[in-house]
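Step one of this worksheet: look at the structure below.
Heavy-atom basis, side chains included; hydrogens, waters and symmetry copies ignored. Treat the numbers as computed from the prediction; the structure is a model and nothing was measured. Numbered from 1 within each chain, the chains take letters A, B, ... in sequence-line order.
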Amino acid sequence: MSYEHQKIEKYWQNYWKDHKTFEVTDDSDKPKYYVLDMFPYPSGAGLHVGHPLGYIASDIITRYKRLCGFNVLHPMGYDSFGLPAEQYAIKTGKHPSIATQENVTRYREQLENLGLSFDWSREVKTSDPSYYKHTQWIFLKLFNSWYDLDLDKAREIKELISEFENSGNSNIKSTHHCEVSFTHVQWKNFNEKEKEDILQCYRLAYRAQTSVNWCPELGTVLANDEVKEGFSVRGSHPVFQKSMMQWCLRITAYAKRLLEGLDNINWSDSLKEMQRNWIGRSIGAEIDFNIENSDESIKVFTTRADTIFGATFMVLAPESDYVEAIVTADQKQAVNEYLEKTQKRSERERIAEVKKVSGVFSGAYCVNPFTQTKIPIWIADYVLGGYGTGAIMAVPAHDSRDYSFAKHFNLPIISIIKGADVSESSLDAKSGTLVNSGFLDGLDVKVAIKVAIEEVEKRSLGKSTTNYKLRDAIFSRQRYWGEPFPIYFEDGIPRALAEDKLPLELPEVDKYLPTQDGEPPLARATFWKTDEGHPLEYSTMPGFAGSSAYFLRYMDPNNTESLVSKKANEYWRDVDLYVGGVEHATGHLLYSRCWNMFLYDLGYICEEEPFKRLVNQGMIQGRSNFVYRVKGTNKFVSLGLIDNYDTMQVHVDVNIVKNDILDVEAFKSWMPEYKDAEFILEGSDYKCGYAQEKMSKSKYNVVNPDKICNEYGADTLRLYEMFLGPIEQSKPWNTNGIEGVYRFIQKYWKLIETELVDSEPTQDELKVLHTAIKKIKADLEVLSLNTSVSAFMICVNDLTKLKCKNKSILKDLTILLSPFTPHLCEEVWKKMGMKESISFASFPKLNEAYLVESNYSYPISVNGKMKFLLDLPIDLGKDDIEKVVMENEKVKQLIGDKTVRKLIIVPKKIVNLVL
RNA sequence: GCCCGAGUGGUGGAAUUGGUAGACACGCUAGACUUAGGAUCUAGUGCGCAAGCGUGGAGGUUCAAGUCCUCUCUCGGGCACCA
């Protein structure tokens, strides 16, 4: 009888549900293991074949760890606040929660069809008030905290206030943007408004008038990681810079810890590198340049203090506060014109015109503190106002940007590196020997940097400084479908809502659009006020708010008192394995680490880093098909003939295309506008174009897993997705190889279906089994799941050849296989008459004695000549082998008194070739 | 421009990290069973008629290189006027 996957898979899925097989508690003696998937945004399109790749891999590890005796937490939920649901609501007028709930239901069903062993009792939805209560609670904590650089941790704001009351702010080292210093007496005399304005400069969540990424199309501001090359990541709309009052998170306070924490977690190098780049630490110095005929000086930041003797001019960012102060009367007009011009440019234009050199002379000069020469001060937009001090010393000989600026405006270029030819281009490399540099002459660049900084400090010209590219995160969005801020305004002063008022639930509104005055949608709710009548904040939180601590909530999802209880947190601690896409590298993964560190600082949780190990599954790309429409007509030209026509490329549903040949009739009925379409064919066929692209609804290239589950079964899909290649690699979806995996399942079923015997297994059978155990166990540890599928195939082929009917062998093999194909294995288990579900069996023990031992004996050769074979103990490391060999009597005899120049140890398997 | 990562048969991809390159699977070829198709099974399958040659290319280290080093080409990803 062949294997009826549909019936069997349904049966076991229901069985698991009814028996609550995968529910876990924190009252266990077993060691814990936490496997987490990045929870999905429940979009209307449902799951496609790309989603399950990570889910299947993590499910396999989950089931494997259970077999190894761990109490495994493996939860799932939904990141259910988001733009598409809101846009759908704008279109239909229906509340976004309705569409969201429909999508969630569909996702749940699809996930269950894959046989994923989630503990569904822990499901969370970020848009659920019982969940976002805790998101709001964390926000309140951030609002009520500041960062103490002395203790290097966040502290409560009331402790800061009492410091202010005792001694003002001069002794406080903090990450802040407060520009005034005051005594405790002054503090006490400030009014409420003034006090809050100062506190805002210290709070970890604060309001600030900042230049933000404004996307008019979406009607909201965006965070830096939501913008790419001047366009919004979602929807690809142009983004402009605009100055607005916004909520911000002081993530910069954590820059150092976020950077250094990377050294101690097991993430891929590329991902760590991305975060490092994003945080962007550079170590250098701030140096003061005196302005000529003035008591003022300009502070510049540089990582190349060694090049100071080559600094021939200075450049200020257009936004710099110095500009106003230094510009001379006769240059005033030119400068103003330039400032106006740069301000008008959008972010997009600025990026596009990177290569264009522009700038204006301010008329003022400053003095190079080392050479005492007078150097001109310029203003140019290649210097950024937001980084460093917004001013640089330009060293055209050794910085390519300064170089092209100097060439363009004919400014002097002085090389300070020996032998450098700067007639054509600058020499940017951090290497070489210094010349023309006074006390630095003859030093190597790397040494000179240090010496120069020391000298700067000694002469009180400045100090060594570290700068980060990381910017504070913009935290408010002018949208409806997000968490409301637990903030109200009293006489224009932002105040925190009391914790017992949470959750502050989203109000009902008549429309999901901004008001006519351009206020966010929440302003439509006229009752959006506190009980005392104070207006509440109109903005809502951004998408990453709900996902920045969800992994903590899973530990204790039904706790109505707090985000997570101490007990649950101390048991589950952190995520042992986190699986998800790279696209969250500088967004979610950075914010999550930051929030986690913050909650750790305040003592709510016990681990500083949330994700011990992280694996990025690759994207499964779609294969899109195109038809070619003759412009302005309803005629379509086959691919081979498009050169003869003026055509435009149109995506066509891949489900009505087979082997790139279009099903013409299906196309006509696909969309009403194509009903009367005409075709210009090649022979009798219409050939479509194709491309590899991201799987997306708008490209009509989505292949969803339901079809494959029906046809081949979830177990086959699970195996096949793993077999496709390394988990981290992106690859196009194609079903070419799925037959092979399907055949494997049939073969395996055939093996089990025969009458099994309860006898001693043979040596050969044991060898096959234990080879598989060894290989698969090793593969599971490093998530090399594609090769473990191969190992199963080899094992089953070998056992088939051996005509194995041995019950104990096949039982162990089934356990081994069960993480991969759980339905099948449960069925086999039942067939064998085992009472207990395999989920709770233990992983088969490896007995190395059954493995091939010949790998472990070595011929020894001295000075390149093969001498003799020497058997060595199993499992020696390379160094151990050498030690054992050198102490061996035979070897000592052979070598005698001679000094060994080289001793070579070769595995036995290649001896024949070498001898 | 800078920083990562990767280039292996017709295809997806293996290779215990320096030790018989191409495991496993797809595809293909031949055969068996079948009225036929499908399914299944058996054998073969890197290239070359051969000696030989083969892991993008050119050098190098080594008894031994897909793996290490130098240069170079191509592709993918990230950052991008960050001083």
*asked:* Taking any heavy-atom pair under 4.0 Å as a contact, classify A:Asn786: base, sugar-phosphate, or nothing.
replied: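 Sugar-phosphate, backbone atoms only, no base.
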
*Determine the contact category for A:Asn797: base if any of its heavy atoms lies under 4.0 Å from a base atom, sugar-phosphate if only primed atoms, P, OP1 or OP2 are that close, otherwise nothing.*
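Touches sugar-phosphate only.
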
*Send over the distance from A:Gln746 CD to B:rU40 P, rounded to a whole Å.*
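That distance rounds to 9 Å.
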
*When you measure from the centre of the six-membered ring of A:Trp278, is the NZ or CZ of A:Arg593 under 6.0 Å away and within 45° of the axis?*
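No, cation not above the ring by the 6.0 Å, 45° rule.
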
*ring pair (Phe, Tyr, Trp, His ring centres under 6.0 Å) partner of A:Phe409, the single match among A:Phe313, A:Phe361, A:Trp378*: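 Running ring pair (Phe, Tyr, Trp, His ring centres under 6.0 Å) over A:Phe313, A:Phe361, A:Trp378 with A:Phe409 returns exactly one hit, A:Trp378.
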
Looking only at side-chain atoms of [X], point me to the closest of [options].
{"X": "A:Pro726", "options": "B:rA83, B:rG13, B:rA15", "value": "B:rG13"}
{"X": "A:Arg743", "options": "B:rC24, B:rU40, B:rA83", "value": "B:rU40"}
{"X": "A:Asp381", "options": "B:rC24, B:rC79, B:rC81", "value": "B:rC81"}
{"X": "A:Phe723", "options": "B:rA83, B:rG12, B:rG13", "value": "B:rG12"}
{"X": "A:Ser790", "options": "B:rC79, B:rA23, B:rA83", "value": "B:rA23"}
{"X": "A:Met793", "options": "B:rA23, B:rA25, B:rA83", "value": "B:rA25"}
{"X": "A:Met274", "options": "B:rA14, B:rG77, B:rU40", "value": "B:rG77"}

*Okay, side chain of A:Arg471, backbone of A:Gly386: is any donor-acceptor separation there less than 3.5 Å?*
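Side chain of A:Arg471 to backbone of A:Gly386, a donor-acceptor pair under 3.5 Å: yes, one is there.
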
*asked:* At less than 4.0 Å, is any side-chain N or O atom of A:Gln729 found next to OP1 or OP2 of B:rA6? Yes or no.
replied: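 So the side chain of A:Gln729 is outside the cut-off, no N or O lying under 4.0 Å from OP1 or OP2 of B:rA6.
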
*Does A:Tyr382 have a side-chain nitrogen or oxygen under 4.0 Å from the phosphate oxygens OP1 or OP2 of B:rA83?*
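So the side-chain polar atoms of A:Tyr382 never come under 4.0 Å of the phosphate oxygens OP1 or OP2 of B:rA83.
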
*Identify the residue among A:Ser784, A:Ser790, A:Ser788 that makes a side chain to side chain contact (heavy atoms under 4.5 Å, CB included) with A:Asn786.*
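Testing A:Asn786 for a side chain to side chain contact (heavy atoms under 4.5 Å, CB included) against A:Ser784, A:Ser790, A:Ser788 leaves exactly one candidate, A:Ser784.
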
